[in-house]
Participant: 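Could you have a look at this structure, given as structure tokens, before my questions?
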Amino acid sequence: MKQKWLLFSLLVIMASCTKQEPMEALIDRVFSVAEQQYVAMDARLDDKTMPQTITHDSTFKSSTIYWWCSGFYPGSLWYIYEYTQNDTVKLLAEKNTLKLDPIQYVTHDHDVGFQLNCSYGNGLRLIGNKDYEKVLHQGAKSLATRFSPITGVIQSWDFLRRDWKYPVIIDNMMNLELLMFASKAFDDDSLAYVARSHADTTLKNHFREDYSSYHLVDYDPKDGHVRSKQTVQGYSDESSWGRGQAWALYGYTMMYRETGKPEYLEQARKVARFIKNHPNLPSDKVPYWDFDAPDIPNTPRDASAAAVMASALIELSQLDKSEEASAWFDLAEAQIRSLSSPDYLAEFGTNGGFILKHSVGNLNKNSEVDVPLSYADYYYVEALLRLKKIQNEK
Ligand code: GLY
């Protein structure tokens with residue numbers, strides 16, 4: 001009898017161990033960590049700096065507000081406020097958003113979209129501050145100055161390495177969201193025109209036959225012809241840099257949401273298929289830093305790519321009315337569950353205050369390899385909120 005009881009208890013324990021954590025509980029658990037980490041992190045900053053990463057000896061590293069990632073900390077604070085409704089978080093979100101005021105006048109690179117849309121954009125959405133709207137409008141106008149009707153795209157960078165004349169990186173798709181917002185808010189079709197032209201031209205020139213994306217396409221500014229297709233942060237020119245595929249997926253999903261243009265939805269689905277079916281996508285669905293890295297599996301994962309993909313896939317699963325939609329949702333959920341495990345999710349008081357571990361900035365330069373990064377955190381909490389909204393609508 002005693003033995004039977006022991007066996008029964010063992011079976012109950014085993015069953016409870018394998019039971020999946022309900023998504024609602026998972027989201028709650030993660031936002032509790034995120035709230036504590038991000039509130040504490042503010043004490044490490046002054047009025048001109050933002051969190052960047054930690055070094056390998058765990059030293060916290062901040063950036064200036066001009067670093068392309070400066071919008072992600074205030075943006076994550078807004079998301080954490082949206083979930084927790086904690087007024088302390090709201091105050092920190094406002095304070096850190098306002099640090100970025102000068103960014104609205106930046107015309108020397110394309111990252112204004114990342115910087116302002118994540119910070120002021122989320123702030124406007126949540127508290128409706130009209131001053132934020134003006135900053136977003138000015139930022140969009142600054143970004144649009146980088147567009148050329150000859151190339152049909154926004155120039156990403158001004159620095160011209162390796163004989164570049166007009167470099168455009170796939171990441172640039174992300175900045176179009178700011179243009180689409182400002183076009184609608186201020187009834188300015190010229191901004192939407194720029195965004196659509198950039199998306200159309202990128203669709204034509206940035207993708208291979210298997211719908212993987214090149215990192216960089218260099219154009220001739222005189223006649224718009226493509227001069228070369230290369231990588232900067234990926235393993236090789238013909239490899240598929242992990243985060244680049246994530247930017248492509250997110251960019252076309254977002255542009256379909258904003259425009260309803262069927263070609264953008266098709267492109268997002270094709271990129272999603274490339275990611276989902278790739279033989280080098282690991283079983284926990286957190287990609288290696290490059291899908292074609294030579295030393296797989298002994299090479300770093302990129303949690304930031306997984307976070308961007310998960311957020312995009314959740315949105316795609318809602319926009320795509322075909323039977324593939326559930327596959328996008330399932331892949332996103334698998335990524336979220338992996339990122340929310342101790343393998344990737346930091347414990348409070350560790351990881352320099354960041355939420356996720358194990359991202360890769362630029363491995364080729366041995367810069368930010370296997371470290372926390374503010375954009376991994378941002379797209380991760382965004383993905384969790386998107387999941388939460390779907391649950392609430394059920
Ligand atoms: N936009 C730069 C990066 O993805 O690393």
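In listed order, ligands and their atoms are each counted from 1. Source: prediction; values computed, not measured.
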Participant: For residues V286 and Q335, determine if any side-chain heavy atom of one lies less than 4.5 Å from a side-chain heavy atom of the other.
Facilitator: no

Participant: Which ligand 1 atoms does Q233 reach within 4.0 Å, using its non-hydrogen atoms?
Facilitator: 3 (C), 5 (O)

Participant: What do you reckon, does W247 have a nitrogen or oxygen under 3.5 Å from a nitrogen or oxygen of ligand 1?
Facilitator: yes

Participant: Nearest protein heavy-atom contact for atom 2 (C) of ligand 1: which residue, which atom, what distance?
Facilitator: D171 OD2, 3.1 Å

Participant: Applying the ring pair (Phe, Tyr, Trp, His ring centres under 6.0 Å) criterion to F114, which one of Y120, Y379, Y375, W247 satisfies it?
Facilitator: W247

Participant: So, is R243 polar-close to ligand 1, with some N/O to N/O distance under 3.5 Å?
Facilitator: yes

Participant: Hey, what do you get for OG1 (T97) to CG (L77), rounding to the nearest 0.5 Å?
Facilitator: 7.5 Å

Participant: Report yes or no: is the cationic atom of R227 (NZ for Lys, CZ for Arg) closer than 6.0 Å to the six-membered ring centre of Y219, at no more than 45° off its axis?
Facilitator: no

